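Heads up, the thing below is written out as structure tokens.
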Amino acid sequence: MSTDDKNRAVAAAILPLVGGAGNITSVAHCMTRLRLGLRDRSLVRDEELKALPAVMGVVEDDTYQIVLGPGTVARVTLEFEALVAEAPAAPAATPSADDLAAQGAAIRAARKARNQTPFKLFLRRIANVFVPLIPALIGCGIIAGLNGLLINLGWLPAVTPALAAIASGFMALIAVFVGFNTAKEFGGTPILGGAVAAIVVFPGVAKVDAFGQTLSPGQGGVLGALGAAVLAVYVEKWCRRWVPESLDVLVTPTLTVLVSGLVTIFGLMFVAGEVSNAIGEFADWLLVHAGAGAGFVLGGLFLPLVMLGLHQALIPIHTTLIEQQGHTVLLPVLAMAGAGQVGAAMAVYLRLPRNGSIRRTIKSALPAGFLGVGEPLIYGVSLPLGRPFVTACVGGAFGGGFVGLFSMLGTKVGSTAIGPSGWALFPLLDGDKGLGRTIAVYAGGLLTGYLAGFVATYFWGFGARLLEEFDVDTDTGPETVVAASAGTTPPPGPAPEPGPEPKPAKL
């Protein structure tokens, strides 16, 4: 079977399990997840969906998210969109009172589950601005790392200037992309957001004085572009309400760019520049003066932040550090949370020798976990078990403390892009003491996280009751999984022979 056929088969297997094409209102994807908008959540068959070999897990947020893994998700999404578009329109049916009541109950339950607080909605919007930029950050970051290696080795001197231009071009104009995405996310005209944000990086601002100092191109960076584009959206919406329709096409874009541009030049660039500088200085101070303690806290709390959706607040901070310093020193510390998760999963594998279902999940999810894709292990293993999620955080804390300790000792470890973690972060590493030492410190942090997560989970991750409940033979073998995916009953096997009466667990 070709790759295209395989991806189409995965999409075809998913579609009926989420209620068919008629139940889909939107289709999108991020780095690892297929994100679906659903008309009726109750039509989704979660257990059958999770049993599909290609599905690593599911997450419910503002959209229904199916974890497929990096690379795969983009290809499956294209096939899924094609299948939805090809599906014939379903004949309209007259809903019964019971149908309407069920739909209403599903909507209320979904709204309650989303916990749509204004703060979380705002963070989600900010994340939506930066997440589409991650592929370019990764690609340019790897090229920058390759170029630095060639320069250090003295190889291909005629090629390195071209690689430097390729790696730096996106970062030089990242403010424009941030402005474009911000206006799109906040309900404005994207190109107007990009036009206002372009002022931040325009070389001509060097001729402008504001707050007693001459502005410099790029001052304020992505934070200035974000603020400028949000302001442009509000100016545009005000114009749409008050400008006569006959003049809208001329007046609205002119006022939007003029008003937002003046405020950006004579206010936002200076303020955002001060904030950006403060972020960079604080990150450096934190790791130099409190590296071990700060790394311990950051590495230990990152998984709970992900569960609460609060990790999205770190995305613009990472981007600001990359824009300022060429790398973010926070991401390698936070990546240790994934190492703790991997170590915890390996301990669970050994502690539950009779639970075939969980052990199969761990075996299939561990490769992705080593590459920094933690959702399958989080949602399929540690979080449902409870205590192993806490011990995974302990592993992340020790790994983060290890990296932070070396920052205190003078070896900073940074990442030239955001998105990857685990082993996938090695090509993006950057530091101030040479690539070899940087890689060694990061690898030492990963090993510390693996070991601490394993030890904490193996010895303290299970109580007697948890072992009694989960260390049992399961009937979710391959035949059952296949049958569940097909909606059939597995063939009966031979009846087990009676064994001795189980002894009561000691608490």
Side-chain angles (χ1 to χ4, degrees), residues 29-32 70-71 73-74 126-153 155-182 184 190 193-194 197-198 200-203 217-226 229 276 279-280 283 312 314-332 334-335 371-373 412-432 434-435 438-439 442:
H29 73 88
C30 60
M31 289 289 294
T32 59
V73 66
I126 298 299
N128 290 341
V129 170
F130 288 93
V131 166
L133 307 180
I134 289 177
L137 285 169
I138 293 172
C140 294
I142 291 177
I143 293 171
L146 174 63
N147 189 53
L149 181 62
L150 292 176
I151 292 174
N152 291 335
L153 295 174
W155 293 353
L156 303 176
V159 176
T160 51
L163 292 179
I166 294 170
S168 304
F170 171 74
M171 290 306 300
L173 297 175
I174 190 173
V176 179
F177 295 98
V178 169
F180 185 94
N181 286 348
T182 300
K184 182 179 179 181
V200 174
V201 295
F202 178 60
Q219 185 171 338
V222 294
L223 298 182
L226 183 68
S276 298
I279 289 174
Q312 296 167 340
L314 298 171
I315 295 177
I317 295 175
H318 289 313
T319 310
T320 297
L321 292 174
I322 292 171
E323 189 181 35
Q324 275 188 348
Q325 305 176 0
H327 57 256
T328 168
V329 292
L330 296 179
L331 184 59
L334 299 175
L371 293 175
V373 181
K412 292 182 181 178
V413 178
S415 169
T416 57
I418 58 177
S421 61
W423 294 0
L425 200 62
F426 277 110
L428 297 168
L429 291 178
D430 190 18
D432 57 351
L435 186 59
T438 301
I439 290 176
Y442 181 73

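Here, residue 1 is the first one in the sequence, and each next residue gets the next number. In this text, all values refer to a predicted model and were calculated from it rather than measured experimentally.
Each of Leu321, Asp430, Leu334, Leu425 was compared with Ser415 under the side-chain contact (heavy atoms from CB on, under 4.5 Å) criterion, and only Leu425 meets it.
Between the side chain of Asn147 and the backbone N or O of Ile143, no donor-acceptor pair lies under 3.5 Å.
Taking each heavy atom of Ala197 and Ala225 in turn, the nearest pair found is CB-CB, 3.8 Å. Contact between Gly221 and Ala175 at its shortest, heavy atoms only, is O-CB, 4.5 Å. Of all non-hydrogen atoms in Pro420 and Leu428, the two that sit nearest each other are CG-CD1, 3.6 Å. Contact between Leu331 and Gly419 at its shortest, heavy atoms only, is CD2-N, 4.4 Å. The two residues Gly220 and Ser276 have their closest heavy-atom pair at O-OG, 3.5 Å. Contact between Val222 and Pro316 at its shortest, heavy atoms only, is CG2-O, 4.3 Å.
Residue pairs meeting the side-chain hydrogen bond (donor to acceptor under 3.5 Å, both in side chains) criterion with at least one partner in residues 418-427, sequence neighbours excluded, are Trp423-Tyr450. Counting only residues at least two apart or in different chains, side-chain hydrogen bond (donor to acceptor under 3.5 Å, both in side chains) contacts with residues 163-181 are absent.
Remark: Ile322 engages Met171, Thr328, Ile418 in a side-chain contact (heavy atoms from CB on, under 4.5 Å) (not counting sequence neighbours). Under the rule for a side-chain hydrogen bond (donor to acceptor under 3.5 Å, both in side chains), the partners of Gln325 that lie at least two apart in sequence or sit in another chain are Asp284. Glu323 meets the side-chain hydrogen bond (donor to acceptor under 3.5 Å, both in side chains) test with no other residue; sequence neighbours excluded. Checked against side-chain contact (heavy atoms from CB on, under 4.5 Å), Val329 has the following partners two or more places apart in sequence or in another chain: Ala283, Leu287, His327. Shown here are the side-chain contact (heavy atoms from CB on, under 4.5 Å) partners of Phe202, two or more places apart in sequence or in another chain: there are none. For Ala144, the side-chain contact (heavy atoms from CB on, under 4.5 Å) partners at least two apart in sequence or on another chain are Ala167. For Tyr442, the ring pair (Phe, Tyr, Trp, His ring centres under 6.0 Å) partners two or more places apart in sequence, or in a different chain, are Phe426.
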Derivation and outcome, side chain to side chain contact (heavy atoms under 4.5 Å, CB included), residues Leu223 and Ile279 = CA-CA 11 Å; Leu223 298 182; Ile279 289 174; 3.9 Å; yes
Enumerate, atom names and distances included, each donor-acceptor pair closer than 3.5 Å involving a side-chain atom of residues 127-139, sequence neighbours excluded.
{"unit_1": "Asn128", "atom_1": "ND2", "unit_2": "Arg124", "atom_2": "O", "d": "3.3"}
{"unit_1": "Asn128", "atom_1": "ND2", "unit_2": "Glu185", "atom_2": "OE2", "d": "3.3"}

